[in-house]
**Q** 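Supplied in structure tokens, the structure appears directly below.
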Protein chains: 4
Amino acid sequence: MLKIDEASPVPIYLQIVEGVKREIMAGVYPPDHRLPSIRDLALELKVNPNTIAKAFQELGNQKLIYFRRGQGAFAARIEKEERMRTFHAEIATRFGEIIDLAGEAGISHDDLLELFQKLFQECSSKKAGGKS
Amino acid sequence: MLKIDEASPVPIYLQIVEGVKREIMAGVYPPDHRLPSIRDLALELKVNPNTIAKAFQELGNQKLIYFRRGQGAFAARIEKEERMRTFHAEIATRFGEIIDLAGEAGISHDDLLELFQKLFQECSSKKAGGKS
Amino acid sequence: MLKIDEASPVPIYLQIVEGVKREIMAGVYPPDHRLPSIRDLALELKVNPNTIAKAFQELGNQKLIYFRRGQGAFAARIEKEERMRTFHAEIATRFGEIIDLAGEAGISHDDLLELFQKLFQECSSKKAGGKS
Amino acid sequence: MLKIDEASPVPIYLQIVEGVKREIMAGVYPPDHRLPSIRDLALELKVNPNTIAKAFQELGNQKLIYFRRGQGAFAARIEKEERMRTFHAEIATRFGEIIDLAGEAGISHDDLLELFQKLFQECSSKKAGGKS
DNA sequence: GTGGTCTAGACCACG
DNA sequence: GTGGTCTAGACCACT
């Protein structure tokens, strides 16, 4: 579910931060649910434990997880509303980038909308069909 | 027109690569048109000429520009069709990411479409109104 | 084993690229074998680390080596067949040049063949005799 | 007959030096025969006249051509024996490089000889057939 | 420890 | 004037 792209220029620890953040937001780890231990995650992702520790520290700073001495890391309590706001903000930003990009490319808004609808449906059918 | 974000984690020279790439794709530098000299760009963006040189070299590797000894760097000839393909691929990728994100967030496809339409129109009106 | 010719018109970093390329092709660094660190190579060859870095980056572009963050550079996995093809192509090109040259010089093909055989045997005996 | 490769890393003026040298060696310009004027060559090769001038200066230094005030450049008198020696030296050097290369590649001398013979004959038949 | 980026400043070859 | 190469030395992120 959480994959590291070694070739990417973005640091591994940040990839982990993003990945865990998404998992928390998506409800994989409900509030106060224990996360995998640093050692386990390190083995699973084939990454140095220090790297996981750094990622967790960052997640702690962002108040997305909290630690209990000797017990590990736990998902913070996040309101559903808060999660939605985060997602909406993220999506809005990305849509904005796409619209700018389309503007530079000289793609008309109608074509863009059409393209979006197409991908939209492809994805829908894929989701309906293939339960990976 | 081309701004450097010093705070960004992405290296300056890559920001320049992306920026110039966009400008070429958008037609700011038509095929065989001369780009600003390394020194000029360095002054304009307030970075070291070596940094610009690295960016230009990368652009050369990607065949987006070519060099004539002692004369400077020139925009490569890129077919309009090619440019469109590039843009479409980029946009398709990003749409795909958004759709995945929405799926994780539990946002329904209808809501997503609605959100898109809204941003879409905001952007349209902004574009119509403000001639920068 | 890898020597820099300061007098040569070909840039130092390209000399290094060629040298390392040869070493990899010749099997000095088997697939996934770690190369010397940039700093070490710089000390050994008495050039600036940046110069080595530039060479390594070029080797990376050519997919002859790859990098693991914080660990160093590693020889890419290259099929023996691929290596042979590279060598054959290189040799064929050079033979072609020689044949053209001989044509211009008015050297008959028989004479050329004879010359080749002669050098051939000189080299053989030298190789048999002197184990450096 | 004399082509400039703009993409090559070797300077244009050196490409011209090599080209003219070959033409002289091959007898295109017999001893004391007048070479094309700098201006004409510049137009023909689509190159800056300064570049041709630099090439001619270099050829003069190498005693391959000489100048007569107001009349232009002339091919130097070169003994046939001298020309042969030059060619042989050049060819021998290149053969040596190929043999070294083959050694590194682990190509046996027999295979190398075979490869040479093959190219040899291809070239012969091409030459016999196509008078470009 | 590793490679990656950046700056500063120098020199060179080319046109 | 152009880009290309090289040095020196600094700082950073990752392991």
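Both backbone and side-chain heavy atoms feed into the values below; hydrogens, waters and symmetry mates do not. First the proteins, then the strands, lettered A, B, ... as listed; each starts at 1.
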**Q** Between dC6(F) and Thr51(C), is there an OP1 or OP2 to side-chain N/O distance shorter than 4.0 Å?
**A**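 So the side chain of Thr51(C) is outside the cut-off, no N or O lying under 4.0 Å from OP1 or OP2 of dC6(F).
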
**Q** Does Arg34(B) count as lying over the ring of Tyr29(B), i.e. NZ or CZ under 6.0 Å from the six-ring centre, within 45 degrees of the axis?
**A**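 Relative to the ring axis of Tyr29(B), which defines the angle, Arg34(B) lies outside at least one limit.
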
**Q** In Å and rounded to the nearest 0.5 Å, what is the CD1 to CZ distance from Ile78(A) to Arg85(A)?
**A**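 If I round to the nearest 0.5 Å, the distance is 11.5 Å.
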
**Q** Out of dT15(F), dT7(E), dG3(F), which nucleotide sits closest to the side chain of Arg69(C)?
**A**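 Selected nucleotide (nearest to the side chain): dT15(F).
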
**Q** To the nearest Å, how far apart are Ile12(B) CD1 and dA13(F) P?
**A**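 Interatomic distance, CD1 of Ile12(B) to P of dA13(F): 14 Å.
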
**Q** Taking CD1 from Ile4(B) and C1' from dT7(E), how many angstroms apart are they, rounded to a whole number?
**A**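 For the pair Ile4(B) CD1 and dT7(E) C1', the rounded distance is 15 Å.
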
**Q** Answer yes or no: does a side-chain N or O of Tyr13(B) lie under 4.0 Å from OP1 or OP2 of dT5(E)?
**A**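 Answer yes for this pair, as a side-chain N or O of Tyr13(B) is under 4.0 Å from OP1 or OP2.
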
**Q** With a 3.5 Å distance limit and no angle check, can you tell me whether Thr93(B) reaches the backbone of Ala89(B) through a side-chain donor-acceptor pair?
**A**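 It does hold such a pair.
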
**Q** For Leu45(B) and dC6(E), give me the distance from atom CG to atom C1', rounded to whole Å.
**A**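 In whole Å, dC6(E) C1' lies 14 Å from Leu45(B) CG.
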
**Q** Side-chain donor-acceptor pair under 3.5 Å between Tyr66(C) and Asp32(C), yes or no?
**A**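 Present: a donor and an acceptor within the cut-off.
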
**Q** For DNA chain F, produce a single dot-bracket line, 5' to 3'. Pairs: Watson-Crick or G-U wobble, both distances under 3.5 Å. Symbols: ( ) within strand, [ ] crossing, | other strand, . unpaired.
**A** ||||||||||||||.

**Q** Is there a donor and acceptor pair closer than 3.5 Å between the side chain of Arg39(C) and the base of dG1(E)?
**A**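 In this structure, the two groups form no donor-acceptor pair.
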
**Q** I need the CD1-C1' distance between Ile65(C) and dG4(E), as an integer number of Å.
**A**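 After rounding, the gap between these two atoms is 13 Å.
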
**Q** Spell out, as yes or no, whether a donor-acceptor pair under 3.5 Å connects the side chain of Glu58(B) to the backbone of Val17(B).
**A**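 The answer is no, because no donor-acceptor pair under 3.5 Å joins these two groups.
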
**Q** Taking all non-hydrogen atoms of both residues, which atom of Phe67(D) and which atom of Phe56(D) are closest, and how far apart?
**A**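 For Phe67(D) versus Phe56(D), the nearest heavy atoms are CZ-O, 3.5 Å.
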
**Q** Side-chain N or O of Lys54(B) less than 4.0 angstrom from OP1 or OP2 on dT5(E)?
**A**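 For Lys54(B), the contact criterion (side-chain N or O under 4.0 Å from OP1 or OP2 of dT5(E)) is met.
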
**Q** Give the nucleotide from the list dT5(F), dT7(E), dG3(E) with an atom nearest to the side chain of Phe67(C).
**A**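 Taking heavy atoms from C-beta onward, the closest nucleotide is dG3(E).
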
**Q** Specify the separation, in whole Å, of atom CG of Leu43(B) and atom P of dG1(F).
**A**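 Taking CG of Leu43(B) and P of dG1(F), I get 12 Å after rounding.
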
**Q** Can you tell me if Ser37(C) touches the phosphate of dG1(E), counting only side-chain N or O atoms and a distance under 4.0 Å to OP1 or OP2?
**A**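 Checking Ser37(C) against dG1(E): no side-chain N or O falls below 4.0 Å of OP1 or OP2.
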
**Q** Can you tell which of dG3(E), dC6(E), dG9(E) lies closest to the side chain of Asn50(B)?
**A**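 Selected nucleotide: dG9(E).
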
**Q** Among the nucleotides dT2(F), dA8(F), dC6(E), which one has an atom lying closest to any side-chain atom of Asn48(C)?
**A**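 Out of dT2(F), dA8(F), dC6(E), the nucleotide with an atom closest to Asn48(C)'s side chain is dA8(F).
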
**Q** When the nearest nucleotide of DNA chain F is assigned to Leu14(A) and to Val10(C) on a heavy-atom basis, which residue is associated with the more 5' position?
**A**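 By nearest-heavy-atom nucleotide position, the 5'-most residue is Val10(C).
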
**Q** Go nucleotide by nucleotide along DNA chain E from the 5' end; which of Gly70(B) and Phe56(C) gets its closest nucleotide reached first?
**A**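 Whichever sits nearer the 5' end wins; that is Phe56(C).
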
**Q** Check the distance between dC6(F)'s P and Glu6(C)'s CD and give it to me in whole angstrom.
**A**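 Rounded to whole Å, this separation is 10 Å.
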
**Q** What is the distance from CD of Glu58(B) to P of dG3(F), rounded to the nearest Å?
**A**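 Result: 17 Å.
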
**Q** About how many Å separate OG1 of Thr86(B) and CZ of Arg83(B), when rounded to the nearest 0.5 Å?
**A**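 Spacing of CZ (Arg83(B)) from OG1 (Thr86(B)) equals 9.5 Å.
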
**Q** Taking for each residue the nucleotide of DNA chain E with the nearest heavy atom, is it Gln71(B) or Gln57(C) whose nucleotide lies nearer the 5' end?
**A**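 The residue whose closest nucleotide sits nearer the 5' end is Gln57(C).
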
**Q** Could you give the CZ-to-P distance, from Arg34(C) to dT15(F), as a whole number of Å?
**A**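 Computing the Arg34(C):CZ to dT15(F):P distance gives 15 Å.
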
**Q** With heavy atoms under 4.0 Å as the rule, sort Arg68(B) into base, sugar-phosphate or nothing.
**A**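 Nothing: the residue Arg68(B), judged by heavy atoms under 4.0 Å, touches no strand.
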
**Q** Would you give the length of the straight line joining atom CG of Leu2(C) to atom CD of Glu44(C), rounded to the nearest 0.5 angstrom?
**A**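 Answer for the CG-CD pair, Leu2(C) versus Glu44(C), is 7.5 Å.
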
